[in-house]
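Below you'll find the structure, written out as structure tokens, and then a few comments.
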Amino acid sequence: MPELPEVETTRRGIAPLIEGRRIDRVLVRDGRLRWPVPAQLNQLLGGQTVRAIERRAKYLIFRTDCGSMLVHLGMSGSLRILPAITPPEKHDHVDWILGPDCLRFRDPRRFGAVLWTDQPAERHIRLCNLGPEPLSEDFDGRYLYACGQRRQVTVKQLLMDGSIVVGVGNIYANEALFRAGIRPTRPSHRIALSRYQRLAGQVQAVLREAIAQGGTTLRDFQREDGRPGYFRIQLKVYGRAGEPCLICETRLRQLRIGQRASVYCPDCQR
DNA sequence: AAATTCTCCTGAAGGC
DNA sequence: TGCCTTCAGGAGAATT
């Protein structure tokens, strides 16, 4: 499932091939995504040049002279660049045609979104209430500590709250907590500043490592077979419930916090 | 205002 | 082999 590193990897993969190019037309085969794809998307985007592709949280922002398109990959979404003549397959919902090429959106579970705004993108309702980027200077242990002090939630819920910090999904929340030695169930207001500093550092570290590994397969974005080329970093706890901790060999436990699977080592994480 | 629960969807995995 | 059930999950919406 695309988390921040996958979205950033996607951005880096397609940006060099899309930025500066003109969209001839947009083909919406099935606009029933998280929200309906704007019916006028073809009229709005047709003939427009993509000036830049940026990212905010897990949203990709395609900037043009008359507005911005936001794309969210949801849980199962992907963007690939293919020859425009490539026949679409099941779940290939939207095509952006650029000369001989096609940027194609596939999303089997349709939790993704394609939105449009003619206002500055950062003012969009989906973007204007988000917390800081985890890899920005606005995010550090002191900030997390301050947020945690005034809330009554578990530290895992704090990490996954997009109004606190964006882009930390279930997988990386689990991994960062393990690396920081903090139990996902610990109340956010009962963690020392020094441990929050360690946690913030591990959030950044695991995201940076994942992005770095994604970068090794960027060329895949041009491949006709469309293999996504997403990295698979070594996950130390996520998906390993019942297996031995890689540090101490204690059986990893799993429980649910706010409908989300949480895996941790009862010995290493306190 | 903050916290919790519900919701969308479909592929994968498990049970029999 | 195949049908049925359960589960996973990003994040906004609804509810408490």
Side-chain angles (χ1 to χ4, degrees), chain A residues 1-11 28-38 55-61 70-79 88-94 105-117 123-134 144 146-177 184-190 203 207 210 226-228 230 232 235 237-243 252-264:
Chain A
M1 57 248 38
E3 296 213 33
L4 186 148
E6 287 90 337
V7 178
E8 179 61 20
T9 296
T10 296
R11 189 191 71 77
V28 181
R29 287 189 204 82
D30 187 345
R32 297 173 303 162
L33 301 182
R34 174 94 203 249
W35 298 280
V37 175
R55 179 187 59 75
R56 175 74 173 105
K58 294 177 186 171
Y59 285 91
L60 289 169
I61 305 170
L70 306 182
V71 175
H72 197 293
L73 301 179
M75 281 202 44
S76 57
S78 64
L79 287 170
E89 296 178 23
K90 194 179 180 184
H91 307 308
D92 287 342
H93 303 314
V94 184
F105 178 77
R106 170 180 297 182
D107 187 5
R109 294 185 189 177
R110 293 198 272 115
F111 278 17
V114 177
L115 305 170
W116 174 263
T117 178
R123 227 174 288 168
H124 192 276
I125 181 90
R126 297 290 155 235
L127 303 186
C128 65
N129 293 316
L130 296 174
E133 288 287 325
L144 255 193
C147 292
Q149 285 296 100
R150 34 184 146 82
R151 312 199 88 212
Q152 294 284 334
V153 292
T154 67
V155 61
K156 180 154 183 274
Q157 290 171 310
L158 187 76
L159 270 187
M160 293 181 65
D161 184 336
S163 67
I164 303 291
V165 59
V166 301
V168 184
N170 196 38
I171 294 175
Y172 294 114
N174 278 300
E175 295 299 312
L177 286 164
T185 49
R186 178 161 285 275
S188 67
H189 55 96
R190 292 192 51 231
V203 167
L207 291 176
R227 283 225 327 252
Y230 291 152
R232 269 301 146 229
L235 299 177
V237 285
Y238 183 82
R240 295 194 63 243
E243 295 178 42
L252 298 179
R253 287 189 196 156
Q254 174 161 330
L255 45 75
R256 299 189 75 76
I257 301 173
Q259 329 285 60
R260 292 291 173 271
S262 304
V263 189
Y264 68 100

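Chain naming here is simple, since letters A, B, ... match the order of the sequence lines and numbering starts at 1 in each. In this text, all values refer to a predicted model and were calculated from it rather than measured experimentally.
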[X]: which residues meet the salt bridge (Lys or Arg N to Asp or Glu O under 4.0 Å) condition with it, sequence neighbours left out?
X         : result
Arg32(A)  : Asp30(A)
Glu133(A) : Arg55(A), Arg56(A)
Arg260(A) : none

Please state how far atom [atom1] in [X] lies from atom [atom2] in [N], giving the value in whole angstrom units.
X         : N       : atom1 : atom2 : answer
Asn174(A) : dG10(C) : CG    : P     : 10 Å
Asn170(A) : dA8(C)  : CG    : P     : 10 Å
Ile125(A) : dG12(C) : CD1   : C1'   : 10 Å
Leu159(A) : dA11(C) : CG    : P     : 14 Å
Met160(A) : dA8(C)  : CE    : C1'   : 12 Å
Leu115(A) : dA11(C) : CG    : P     : 13 Å
Gln254(A) : dC7(C)  : CD    : P     : 12 Å
Asp107(A) : dG10(C) : CG    : P     : 13 Å

If you define the side chain from C-beta out and look only at heavy atoms, does anything of [X] sit under 4.5 Å from [Y]?
X         : Y         : value
Leu159(A) : Leu144(A) : yes
Arg186(A) : Thr154(A) : no
Val71(A)  : Leu79(A)  : yes

Exercise for the section: Please indicate yes or no: is the ring centre of Phe111(A) less than 5.5 Å from the centre of the six-membered base ring of dG10(C), with the two planes inclined by under 30 degrees? Expected result: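 Yes, Phe111(A) stacks on the base of dG10(C), since the ring centres sit under 5.5 Å apart and the planes are within 30°.
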Can you sort out the partners of [X] under side-chain hydrogen bond (donor to acceptor under 3.5 Å, both in side chains), two or more places apart, ordered by chain and number?
X         : result
Ser188(A) : none
Ser76(A)  : Asp107(A)
Arg29(A)  : Asp95(A)
Arg151(A) : Asp161(A)

Look at [X] and [N] and indicate whether a side-chain polar atom (N or O) is within less than 4.0 Å of OP1 or OP2.
X         : N       : result
His72(A)  : dG10(C) : no
Lys58(A)  : dG10(C) : no
Tyr172(A) : dG10(C) : no

Handout entry: Divergence of helical axes at both termini of the helix from dA2(B)-dT16(C) to dC16(B)-dG2(C) - five pairs an end, 10° steps
Key = 50°
Problem - Residue closer to the 5' end of DNA chain B, Arg260(A) versus Arg150(A) (nearest nucleotide) - result: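 On the 5' side of the pair lies Arg150(A).
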Practice task
With sequence neighbours left out, write down each residue that passes side-chain contact (heavy atoms from CB on, under 4.5 Å) with Ala146(A), or none if nothing qualifies.
Solution key: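 With sequence neighbours excluded, Ala146(A) shows a side-chain contact (heavy atoms from CB on, under 4.5 Å) to Arg150(A), given in chain and number order.
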Exercise for the section: For Glu243(A), check side-chain contact (heavy atoms from CB on, under 4.5 Å) against everything at least two apart and list the hits. Expected result: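 Glu243(A) satisfies side-chain contact (heavy atoms from CB on, under 4.5 Å) with Arg240(A) once adjacent residues are dropped.
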Grab the N/O contacts between the protein and nucleotides 13-16 of chain C below 3.5 Å, and write none if there aren't any.
{"residue": "dA13(C)", "atom": "OP1", "partner": "Arg126(A)", "partner atom": "NH2", "Å": "3.1"}

Problem - Nucleotides bounding contact with chain A, strand DNA chain B, heavy-atom threshold 4.0 Å - result: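 Answer, 5' to 3': dA3(B) to dG11(B).
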